[in-house]
S.K.: 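Before anything else, here's the structure in question.
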There are 2 protein chains.
Amino acid sequence: MKRTKRERQTALKESINENPFVTDEELSAEFDVSVQTIRLDRMELSIPELRERIKHVAVRTFEDEVKSLPIDEVIGEIIDIELDEKAISIFDVKPEHVFQRNQIARGHHLFAQANSLAVAIMNEDLALTVKSELQFLRPVKAGQRIVAKATVIDRQPEKNRAFVKVVSTVDQVTVFIGTFEMYRMTEQSEGEAG
Amino acid sequence: MKRTKRERQTALKESINENPFVTDEELSAEFDVSVQTIRLDRMELSIPELRERIKHVAVRTFEDEVKSLPIDEVIGEIIDIELDEKAISIFDVKPEHVFQRNQIARGHHLFAQANSLAVAIMNEDLALTVKSELQFLRPVKAGQRIVAKATVIDRQPEKNRAFVKVVSTVDQVTVFIGTFEMYRMTEQSEGEAG
DNA sequence: CCCGCTATTAGCACTTGGTACTAATATCAG
DNA sequence: CTGATATTAGTACCAAGTGCTAATAGCGGG
């Protein structure tokens, strides 16, 4: 026997959250109350009906699928670029980018933003990373916005190489520094993997 | 006027595939036939009804989400691990991991595999990357399997530091080498971001 | 021109998982 | 005991179907 209405509604919310595919009837059995009570509860909590819940999940997926491909091409959003000179991108850290335990952004996302900016700054169709040195200076948490600034610091055209330095900040505080040795592909595919 | 039944059914299949959220009524308008005809078509093509279609999309997401969290937690699949000593993971490069133009894997995926392996090898709940040096030696293409081997090469317990070297190979050929300076978090959250 | 065949359309009963609403009953507090 | 709140019951109705039967349309052959 569940006690109060409040308790039941809290549990109900959780239960539906955990499994949006549950019907009112199943819930009524779970909480040992009538279907009508479940419905009243859902109304008070403004939880939509089963089919609407499923639809929302489905729509979300569907949109995610459509969106995720282009987003993957450049990690973060480039807001300014001067080819072969400098470039800036921003990246908003969301819950899916952090470790569950401590909410700290996983390193590869910082790297990904910096590396794709380094690729983008190269005034060439195909640029690959050859070497890289990274410093993770401060943890970044979900909700923060990372601003990455890339600068070409050296050019070696005869060797098809360029050196790019990327400094990432959150609220003007430097959180990451990376240097990238980039290779300009001409017609071959030798050199590296990134 | 659409011509044959065959043509209509082909178009129908495509239309539903593109937008699973369409009702029979909307389809009947689109193809200028009766709702019943649409239903007969769906039966012949064994296309389930709207609500079932939506459910499938939703279930897929849901399962993906449940799966993707652990998957995201470690990039690649760990196949062997001796904490504080060495670890091995594999990562299958899929089309979504490569540049469209040249099919070469983007650097941050190689980094992500190596970095998460370095995090995993640390015999501690919370480990963060402080510094890193990377060499991308050869391009990796879609369809290839990257085997990453991580080894702890130095320990500095007094400074909460450990140094991990990761060598990634494809068919026994080294494609990537990375060294990671790792920080063991005790109770603070200072140090870095990955 | 009618026969046979497929394709299409129509109509009805029924299903799920609800909403919206009304009304009765239970429970508990003052 | 009275009132307020909570719960249950019951009805009509809806969307988007399934399942089934039956009527009709169109066309090709003989």
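Letters A, B, ... mirror the listed sequences (proteins, then strands); counts begin at 1. If you're wondering where the values come from, they're calculated on a predicted model, not measured in any experiment.
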S.K.: Please determine if a side-chain N or O atom of A/Arg8 lies less than 4.0 Å away from the OP1 or OP2 oxygen of D/dA6.
M.R.: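 For D/dA6, neither OP1 nor OP2 has a side-chain N or O of A/Arg8 closer than 4.0 Å.
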S.K.: Report the residue (A/Asp24 or B/Gln36) whose heavy-atom-nearest nucleotide on DNA chain C is the more 5′ of the two.
M.R.: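 So the residue in question is B/Gln36.
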S.K.: Using whole Å, report how far CD of A/Glu52 lies from P of D/dA15.
M.R.: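 That distance rounds to 13 Å.
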S.K.: Select from B/Val33 and B/Arg51 the residue whose nearest nucleotide in DNA chain C is closer to the 5' end of that strand.
M.R.: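 Going by which nucleotide is closer to the 5' end, it is B/Val33.
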S.K.: Does A/Arg53 reach a base, just sugar-phosphate, or nothing at all? Heavy atoms under 4.0 Å.
M.R.: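 If one applies the 4.0 Å heavy-atom cut-off, A/Arg53 turns out to touch nothing in the nucleic acid.
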S.K.: Checking side-chain polar atoms at under 3.5 Å, does A/Ser132 have a donor or acceptor matched by the opposite partner on A/Thr129?
M.R.: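 Short answer, no.
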S.K.: What is the distance from CG of A/Leu50 to P of D/dA15, rounded to the nearest Å?
M.R.: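 That distance rounds to 18 Å.
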S.K.: Mind calculating the distance between NZ (B/Lys55) and P (D/dA16) to the nearest angstrom?
M.R.: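 For the pair B/Lys55 NZ and D/dA16 P, the rounded distance is 16 Å.
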S.K.: Can you find a pair of side-chain heavy atoms, one from A/Arg138 and one from A/Phe176, that are under 4.5 Å apart?
M.R.: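 They are not in side-chain contact.
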S.K.: Contact class for A/Arg42 (heavy atom, under 4.0 Å): base, sugar-phosphate, or nothing?
M.R.: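 Sugar-phosphate contact only.
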S.K.: How many Å lie between CZ on A/Phe21 and C1' on C/dG17, as a whole number?
M.R.: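 After rounding, the gap between these two atoms is 15 Å.
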S.K.: Looking at the side chain of B/Lys5, which of D/dT7, C/dT9, C/dA7 is the nearest nucleotide?
M.R.: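 Among D/dT7, C/dT9, C/dA7, the one nearest the side chain of B/Lys5 is C/dA7.
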S.K.: Find out whether B/Leu110 and B/Phe136 are in side-chain contact, i.e. whether some heavy atom of one side chain is under 4.5 Å from a heavy atom of the other.
M.R.: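 The answer is yes, as the side chains (C-beta and beyond) meet within the 4.5 Å cut-off.
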S.K.: Could you state the CZ-P distance from B/Phe31 to C/dT9, rounded to the nearest angstrom?
M.R.: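 So the CZ-P distance, B/Phe31 to C/dT9, works out to 13 Å.
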S.K.: Whole angstrom is fine here: how far is it from CD1 in B/Ile38 over to C1' in D/dG19?
M.R.: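 Interatomic distance, CD1 of B/Ile38 to C1' of D/dG19: 18 Å.
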S.K.: Between B/Ser15 and B/Glu30, is any side-chain donor less than 3.5 angstrom from a side-chain acceptor?
M.R.: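 Looking only at side-chain atoms, B/Glu30 and B/Ser15 do form a donor-acceptor pair, the distance falling under 3.5 Å.
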S.K.: Quick check against the 3.5 Å criterion: does A/Glu44 have a side-chain atom that pairs as donor or acceptor with the backbone of A/Asp41?
M.R.: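 The answer is no, because no donor-acceptor pair under 3.5 Å joins these two groups.
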S.K.: Using the side-chain heavy atoms of B/Leu40, tell me which of these nucleotides is nearest: C/dT8, C/dG18, D/dT7.
M.R.: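 Looking only at heavy atoms from C-beta outward on B/Leu40, the closest nucleotide is C/dT8.
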S.K.: Select base, sugar-phosphate, or nothing to describe what B/Thr23 touches, counting heavy atoms under 4.0 Å on all strands.
M.R.: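 If one applies the 4.0 Å heavy-atom cut-off, B/Thr23 turns out to touch the sugar-phosphate alone, with no base involved.
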S.K.: Report yes if a side-chain nitrogen or oxygen of B/Ser34 is closer than 4.0 Å to either non-bridging phosphate oxygen (OP1 or OP2) of C/dT9; otherwise report no.
M.R.: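 True: B/Ser34 side-chain N/O within range (under 4.0 Å) of C/dT9 OP1/OP2.
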S.K.: Would you mind telling me which of D/dT8, C/dG18, C/dA20 lies closest to the side-chain atoms of A/Glu49?
M.R.: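 For the A/Glu49 side chain, the nearest candidate turns out to be C/dG18.
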S.K.: Expressed in angstrom and rounded to an integer, what is the separation of B/Asp41 atom CG from C/dT8 atom P?
M.R.: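 After rounding, the gap between these two atoms is 7 Å.
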S.K.: In whole Å, I'd like the distance from the CZ atom of A/Arg39 to the C1' atom of C/dT22.
M.R.: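 Going from CZ in A/Arg39 over to C1' in C/dT22 covers 16 Å.
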